[in-house]
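Some notes on the structure that comes next.
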Protein chains: 2
Amino acid sequence: MDNPPTTTGRVTITDVARAAGVSVATVSKVVNGRYGVAATTAERVLEVVAHLGYETSLVASSLRRSRTNVIGILLAGFDPFATEILKGISAEAVGKGYELLAYSGAISDDNAVGWERRSLSRLGGTLIDGAIILTPTVNVPTASVPVVAVDPHTGSGGPSTVDCDNIEGARAATRHLIDLGHRRIAHVRGRTDLESARLREQGYRESLEDAGIPYDPDLVRDGGYRAAWATDAARELLSLDDPPTAIFAANDLSAFGVMEVARERGLRVPQDLSVVGFDDIPEAASASPRLTTIAQPLQEMGMRAVTMLIALLEGRRIETHVQLPSQLVIRKSTAPPPGAAPEA
Amino acid sequence: MDNPPTTTGRVTITDVARAAGVSVATVSKVVNGRYGVAATTAERVLEVVAHLGYETSLVASSLRRSRTNVIGILLAGFDPFATEILKGISAEAVGKGYELLAYSGAISDDNAVGWERRSLSRLGGTLIDGAIILTPTVNVPTASVPVVAVDPHTGSGGPSTVDCDNIEGARAATRHLIDLGHRRIAHVRGRTDLESARLREQGYRESLEDAGIPYDPDLVRDGGYRAAWATDAARELLSLDDPPTAIFAANDLSAFGVMEVARERGLRVPQDLSVVGFDDIPEAASASPRLTTIAQPLQEMGMRAVTMLIALLEGRRIETHVQLPSQLVIRKSTAPPPGAAPEA
DNA sequence: CTGAAAGCGCTAACAA
DNA sequence: TTGTTAGCGCTTTCAG
């Protein structure tokens with residue numbers, strides 16, 4: 001609590017300058033490899049730097065400089081979806097000379113929407129040279145730094161974007177269920193403020209229509225992309241007079257919630273209830289039963305985002321929208337409906 | 001490329017002050033909720049803030065302030081191990097009023113060791129209030145901010161630490177193979193500059209000794225905790241005149257490398273070769289065959305680290321070392337050695 | 001070749 | 001209640 005008599009611990013450029021008997025300007029030049037410093041002086045400064053363990057403060061230098069070589073990744077939280085993309089980003093960024101800074105602001109209920117704008121303002125312009133924003137909920141305004149959005153709110157007008165084919169993915173998921181013989185197919189919707197959720201519901205409805213199955217609004221509930229909310233949705237669905245024999249959840253986390261409810265009701269998956277997810281996060285393959293889902297190439301999406309952002313930072317023109325294919329991965333959570341003839 | 005005629009995009013406190021017709025000091029007070037501002041003035045400022053979309057720059061304010069409410073997480077890269085811990089950190093930090101900033105410096109070969117010191121210097125003191133360092137390779141020196149180390153280089157002397165019982169985990173892994181009937185058990189070592197790798201090797205040797213199996217140095221190779229390096233190790237091991245019937249890899253990634261080599265040699269896992277990993281990252285459960293491994297409670301380790309760091313930040317005393325138990329998870333990559341009598 | 005000085009955006013004393 | 005001033009650590013002209 002008291003003011004420490006000595007220094008506070010962090011060694012600053014001033015400390016180095018004093019110890020080396022030069023000015024801070026000289027130290028700065030040496031540290032940044034600028035010309036115009038005598039070799040002997042430089043050597044002495046470097047020695048002091050090494051001895052004191054000095055590192056230039058990212059904060060202070062970024063305030064003064066225009067470039068920091070730091071790529072910001074803005075996200076709402078480190079969930080399996082985001083971390084999977086992070087893996088791709090990290091793998092692609094290695095060796096390219098950029099540092100990575102993944103930032104998650106303090107999320108609370110009243111800033112669940114619009115967090116990306118706030119984060120971008122807080123970091124942008126000084127700390128980071130550019131940003132990759134994961135799953136923005138709103139249109140990111142023209143920002144002060146280059147931005148690439150992954151799984152964005154909307155596919156056009158805003159910044160460059162990377163996403164996967166949500167509609168076709170949802171169609172494939174629903175079609176798989178239909179091919180299995182299901183007719184009462186429910187959908188646990190994602191976060192309705194996200195474009196991806198809208199598209200997945202659309203794919204679900206299109207696929208139903210293709211098969212001539214009438215759309216029943218009773219079979220669609222909000223799951224908010226979260227396991228906890230999806231359980232409520234699943235409970236409602238399974239309490240229906242004519243309950244579904246299959247549920248297409250808008251993402252894997254929701255699917256886990258659905259399976260949990262099935263378990264608590266004594267329903268076997270897939271014999272009594274088929275479940276399909278979306279995303280194919282690593283946890284999907286190890287769920288019990290292993291989850292049939294639509295795989296998004298999450299890591300590749302991250303890699304592409306980095307490639308695009310670096311191109312932007314280097315002033316190159318890039319394609320503004322990259323869409324990667326999704327793919328049905330059939331595992332063990334889907335089967336023909338109860339009472340159906342056994343598979344041929 | 002040309003200098004834009006208007007402003008550069010980012011709106012600063014000066015812009016707000018000018019637009020509201022007040023001084024920057026007043027804006028600062030309003031934005032930070034300080035007392036001593038007339039209600040009407042505050043209202044007007046707030047209006048301008050909302051209209052311009054102003055957010056205080058984390059960089060500038062952190063340079064001046066002592067607290068930022070940001071927790072730094074320092075890591076060498078976003079690999080499955082780190083991201084798993086991140087999930088725990090994020091889950092635990094939500095609602096606690098802290099922002100999270102995961103930072104990975106530009107890693108290259110010449111700074112593979114010592115990156116944590118550099119990162120800490122670059123962020124510490126100003127940007128972040130405290131740090132959680134994942135898998136530091138060296139002893140983190142007494143830092144300018146509170147630090148908690150996860151899976152640290154050494155368990156004592158330095159900062160507060162969280163890890164799991166590496167020795168007992170490695171013993172359990174080896175014992176499992178011995179119980180299956182294996183006698184030629186190899187070990188693909190981790191990064192020898194990391195404490196965990198040392199401890200896992202120690203557990204391996206202890207378990208061998210307990211069973212009266214002589215230690216054969218030929219059966220231990222370096223895998224550096226990386227799949228790519230582990231393949232080399234595995235190739236050497238499987239080219240031995242008297243090759244092992246089982247391999248205990250120091251982490252799951254290495255185990256994947258081992259399984260890849262087995263595949264390319266036409267060896268079936270587990271019939272021809274048993275493989276055990278360590279960590280139980282999500283990918284382990286979905287590998288083919290599903291990987292028997294030692295589970296570390298990675299997410300919980302992250303949670304505990306947050307709890308400890310927040311306690312530290314609030315000036316509370318804490319236990320300096322938390323060790324969580326590891327646990328053997330038997331899946332499909334281990335079986336009795338070829339030619340052994342079938343299981344009873 | 002070196003250092004003094006200005007200033008990045010912001011906060012915190014202190015004056016007015 | 002408000003504004004003026006100093007300064008966080010650093011980089012960058014610009015004189016010396």
Side-chain angles (χ1 to χ4, degrees), chain A residues 3 7-45 49 52 54-70 121-129 144-145, chain B residues 7-45 49 52-70 121-129 144-145:
Chain A
N3 230 352
T7 170
T8 36
R10 195 172 185 293
V11 18
T12 74
I13 198 173
T14 313
D15 299 328
V16 175
R18 187 160 28 222
V22 296
S23 72
V24 293
T26 302
V27 176
S28 176
K29 284 174 200 155
V30 171
V31 167
N32 293 294
R34 298 270 180 282
Y35 294 112
V37 178
T40 57
T41 311
E43 194 181 347
R44 182 156 37 96
V45 170
V49 165
L52 261 40
Y54 167 76
E55 282 291 344
T56 123
S57 159
L58 178 60
V59 173
S61 72
S62 76
L63 193 57
R64 200 67 181 72
R65 271 192 150 145
S66 51
R67 268 197 84 123
T68 56
N69 275 334
V70 176
S121 296
R122 268 173 85 69
L123 304 188
T126 40
L127 230 206
I128 59 182
D129 288 347
S144 48
V145 294
Chain B
T7 171
T8 37
R10 192 167 190 294
V11 20
T12 73
I13 198 172
T14 313
D15 299 328
V16 175
R18 186 159 31 221
V22 295
S23 72
V24 293
T26 302
V27 176
S28 176
K29 282 175 201 156
V30 171
V31 167
N32 293 295
R34 300 269 182 283
Y35 293 112
V37 179
T40 57
T41 311
E43 195 180 348
R44 182 155 37 97
V45 170
V49 165
L52 262 39
Y54 168 75
E55 282 291 344
T56 122
S57 159
L58 178 60
V59 173
S61 73
S62 75
L63 191 56
R64 200 66 183 75
R65 275 193 144 140
S66 51
R67 271 198 81 125
T68 56
N69 275 335
V70 176
S121 297
R122 268 174 84 70
L123 304 188
T126 40
L127 229 207
I128 58 181
D129 289 347
S144 48
V145 295

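Every chain is numbered from 1, with letters handed out A, B, ... down the list of sequences.
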Main-chain N/O of A:D129 paired with A:R67 side-chain donor or acceptor, under 3.5 Å: no
Using a 3.5 Å distance criterion without hydrogens, assess whether the side chain of B:T68 forms a donor-acceptor pair with backbone atoms of B:L127. yes
If the cut-off is 4.0 Å, is [X] near the phosphate of [N], judged by side-chain N/O to OP1 or OP2?
X	N	value
A:S23	C:dG3	yes
A:Y35	D:dT12	no
A:T26	C:dG3	yes
A:T41	C:dT2	yes

Just how far, in rounded Å, is [atom2] of [N] from [atom1] of [X]?
X	N	atom1	atom2	result
B:R67	C:dT11	CZ	P	16 Å
A:R65	D:dT13	CZ	C1'	15 Å
B:L123	D:dG9	CG	P	15 Å
A:I13	D:dG7	CD1	P	18 Å
A:R18	D:dC10	CZ	P	12 Å
B:K29	D:dT4	NZ	C1'	10 Å
A:R34	C:dT2	CZ	P	16 Å
A:L58	D:dC8	CG	C1'	15 Å

Looking at every strand, decide which applies to A:S57 at a 4.0 Å heavy-atom threshold: base, sugar-phosphate, or nothing. sugar-phosphate
Remember a base hit wins even if backbone is also touched, and classify B:V22 as base, sugar-phosphate or nothing at under 4.0 Å, heavy atoms. sugar-phosphate
Scanning both residues in full, the closest heavy-atom pair of B:S62 with A:V59 reads OG-CG1, 3.5 Å
Identify the heavy atoms of A:E55 and B:S121 that sit nearest to each other, and give their distance. CB-CB, 3.3 Å
Between A:A25 and B:T56, which residue's closest nucleotide on DNA chain C lies nearer the 5′ terminus? A:A25
Assign each of B:L63 and B:A39 the nucleotide of DNA chain D bearing its closest heavy atom; nearer the 5' end lies the nucleotide of B:A39
Going by the rule side chain to side chain contact (heavy atoms under 4.5 Å, CB included), which residues pair with B:A42 if we only count those two or more places apart in sequence or in a different chain? B:V30, B:V37
Distance check, rounded to the nearest 0.5 Å: A:S57 atom OG versus A:R64 atom CZ? 14.0 Å
If you go through the side-chain atoms of B:R64, does one of them form a donor-acceptor pair with the base of C:dG9 closer than 3.5 Å? no
Pick one: which of A:V22, A:T41, A:T56, A:N32 meets side-chain contact (heavy atoms from CB on, under 4.5 Å) with A:V27? A:V22
Using the C1' atoms of the five pairs at each end, what is the angle between the end axes of the helix from C:dC1-D:dG16 to C:dA16-D:dT1, to 10°? 50°
